[in-house]
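Report on the following structure.
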2 protein chains.
Amino acid sequence: MATFDVDNVLQQAERSCVEHGARLTSKRKHILEVLLKAEAPRSAYEIAELYRQQTDENIPVMSVYRMLDFLMQNSLVHKLASNNKFIACAHIACSHSHQTPQFLICDKCQQVREIGVDKQLIHALEESIENNHFQLNSPQLELHGVCESCQKQH
Amino acid sequence: MATFDVDNVLQQAERSCVEHGARLTSKRKHILEVLLKAEAPRSAYEIAELYRQQTDENIPVMSVYRMLDFLMQNSLVHKLASNNKFIACAHIACSHSHQTPQFLICDKCQQVREIGVDKQLIHALEESIENNHFQLNSPQLELHGVCESCQKQH
DNA sequence: GGTTGAAATGATATGATATATCATTATTTA
DNA sequence: TAAATAATGATATATCATATCATTTCAACC
Ligand SMILES: [Zn+2]
Ligand SMILES: [Zn+2]
Ligand SMILES: [Zn+2]
Ligand SMILES: [Zn+2]
């Protein structure tokens with residue numbers, strides 16, 4: 001499914017955590033792995049279930065939420081507000097620092113594409129914000145629509 | 001609180017519904033009124049409670065959800081995905097047709113400003129979308145930050 | 001190596017948001 | 001008025017999220 005090497009991304013995540021003095025414990029890593037292997041965003045409860053399936057070990061949902069919080073704080077996971085689901089960051093293995101993310105969410109197949117926000121867009125956003133005397137706070141854009149492959153289906 | 005005349009907006013909502021052959025029943029109208037009078041977005045449960053207070057009449061939350069659905073279909077109410085709350089459209093009394101909305105949400109006082117998306121921004125968005133072969137689906141932008149008045153407070 | 005304090009995780013309860021389904025009432029249409 | 005349709009009520013339950021206290025793990029220190 002994934003167009004990237006899960007193990008490589010996990011190693012990169014580990015490196016990035018070490019750099020920041022954050023502890024990527026084995027359970028947290030497994031949670032991230034579940035999301036990396038998932039083909040679409042998952043809810044905390046779905047993640048708990050996938051965790052059980054993939055490790056034969058039970059995990060309380062409460063713990064999943066806490067681990068997701070950790071992963072989000074370290075920009076390894078994002079939460080999609082529009083459907084209350086979580087997704088692994090698509091740029092863990094990229095060298096550049098994490099930009100403000102933009103998610104293209106397919107309403108047919110639920111797949112999500114995370115792209116960096118286009119410069120022109122950032123500029124337009126800032127301008128629009130400025131006109132309203134509003135102080136922006138790390139935006140995250142979620143755009144719903146239909147992905148390329150779903151468009152092709154009849 | 002409101003910087004507009006609630007009754008006038010309600011009349012306009014009624015006109016707009018008549019035009020579209022939609023039935024703005026008295027209960028639906030009351031729900032809209034609750035939101036017009038609210039100083040911030042409200043959850044369906046909060047709306048049910050405000051409805052009770054303002055009309056001395058009980059209303060099942062299930063009904064509130066249905067009425068909110070109706071109001072959203074008619075662009076009289078929007079749902080903010082980032083906090084699962086509902087807000088009256090700020091442009092009910094405007095003559096022009098409803099644009100894709102952009103919400104500036106203050107994380108301090110919770111007040112929301114709905115503005116029409118700036119043209120440059122729409123253009124940048126479309127471009128970004130096009131580059132990704134994605135077919136956009138009536139977008140709605142939710143931007144979090146701090147409003148002007150909260151910025152002034154120390 | 002044992003002690004101790006902090007961080008992580010588990011266990012349990014509960015709150016908050018949302019939907020499914022069937023019954024009843026109101027409104028429109030013929 | 002009768003029949004069809006739309007709106008609302010009632011009830012149950014699913015889904016998402018947080019609060020709180022107990023236990024375990026781990027690093028730091030002596
Ligand atoms: Zn990311
Ligand atoms: Zn798709
Ligand atoms: Zn609006
Ligand atoms: Zn404010």
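Predicted model, so just to flag it, every value in this text is computed and none were measured. First the proteins, then the strands, lettered A, B, ... as listed; each starts at 1.
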Original post:
Which is true for B:Met67 with a 4.0 Å heavy-atom rule: it touches a base, it touches only sugar-phosphate, or it touches nothing?
Top reply: sugar-phosphate
**OP:** Using atom CE of A:Met62 as one end and atom C1' of C:dA11 as the other, report the distance to the nearest whole Å.
**Re:** 11 Å
Original post:
Distance only, no hydrogens: is a donor on one side chain within 3.5 Å (strictly under) of an acceptor on the other, for B:His30 and B:Thr55?
Top reply: no
**OP:** Rounded off to whole Å, could you give me the CD1-to-P distance for the A:Ile59 and D:dT24 pair?
**Re:** 17 Å
Original post:
Taking only side-chain nitrogens and oxygens of A:Lys27, does any of them come within less than 4.0 Å of OP1 or OP2 of D:dT25?
Top reply: no
Original post:
Is the shortest heavy-atom distance from the side chain of A:Cys109 to the side chain of A:Cys150 under 4.5 Å?
Top reply: yes
**OP:** Can you tell me the distance, in whole Å, between the CD1 atom of B:Ile47 and the C1' atom of C:dA16?
**Re:** 14 Å
Subject >> Closest nucleotide among C:dG10, C:dA8, D:dC16 to the A:Thr25 side chain >> reply: C:dA8
Original post:
Taking only side-chain nitrogens and oxygens of A:Asn84, does any of them come within less than 4.0 Å of OP1 or OP2 of D:dA17?
Top reply: yes
Subject >> Integer-rounded Å distance: D:dA7 C1' and B:Phe70 CZ >> reply: 11 Å
**OP:** Calculate, to the nearest 0.5 Å, the distance between atoms CD1 and CZ belonging to B:Ile92 and B:Arg15 respectively.
**Re:** 12.0 Å
Subject >> Among A:Arg23, A:Arg28, A:Lys29, the one residue meeting salt bridge (charged side-chain N to carboxylate O under 4.0 Å, His left out) with A:Glu14 >> reply: A:Lys29
**OP:** Let me know, please, whether B:Arg23 or B:Arg66 comes out on the 5' side of the other along DNA chain C by nearest nucleotide.
**Re:** B:Arg66
Subject >> Atom-pair distance (OH on B:Tyr51; P on D:dT8), nearest Å >> reply: 9 Å
Original post:
Just how far, in rounded Å, is C1' of C:dA11 from CG of A:Asn58?
Top reply: 11 Å
**OP:** Classify the side chain of B:Tyr45 and the base of C:dA18 as holding, or not holding, a donor-acceptor pair under 3.5 Å.
**Re:** yes
Original post:
How about B:Asn132 and A:Arg113: do any of their side-chain heavy atoms sit closer than 4.5 Å?
Top reply: yes
Subject >> Rounded distance (Å) that lies between atom C1' of C:dT17 and atom CZ of B:Arg42 >> reply: 16 Å
**OP:** Can you tell me the distance, in whole Å, between the CG atom of B:Leu68 and the C1' atom of D:dT8?
**Re:** 14 Å
Original post:
Should A:Lys85 be listed as having a side-chain N or O under 4.0 Å from OP1 or OP2 of D:dT15?
Top reply: no
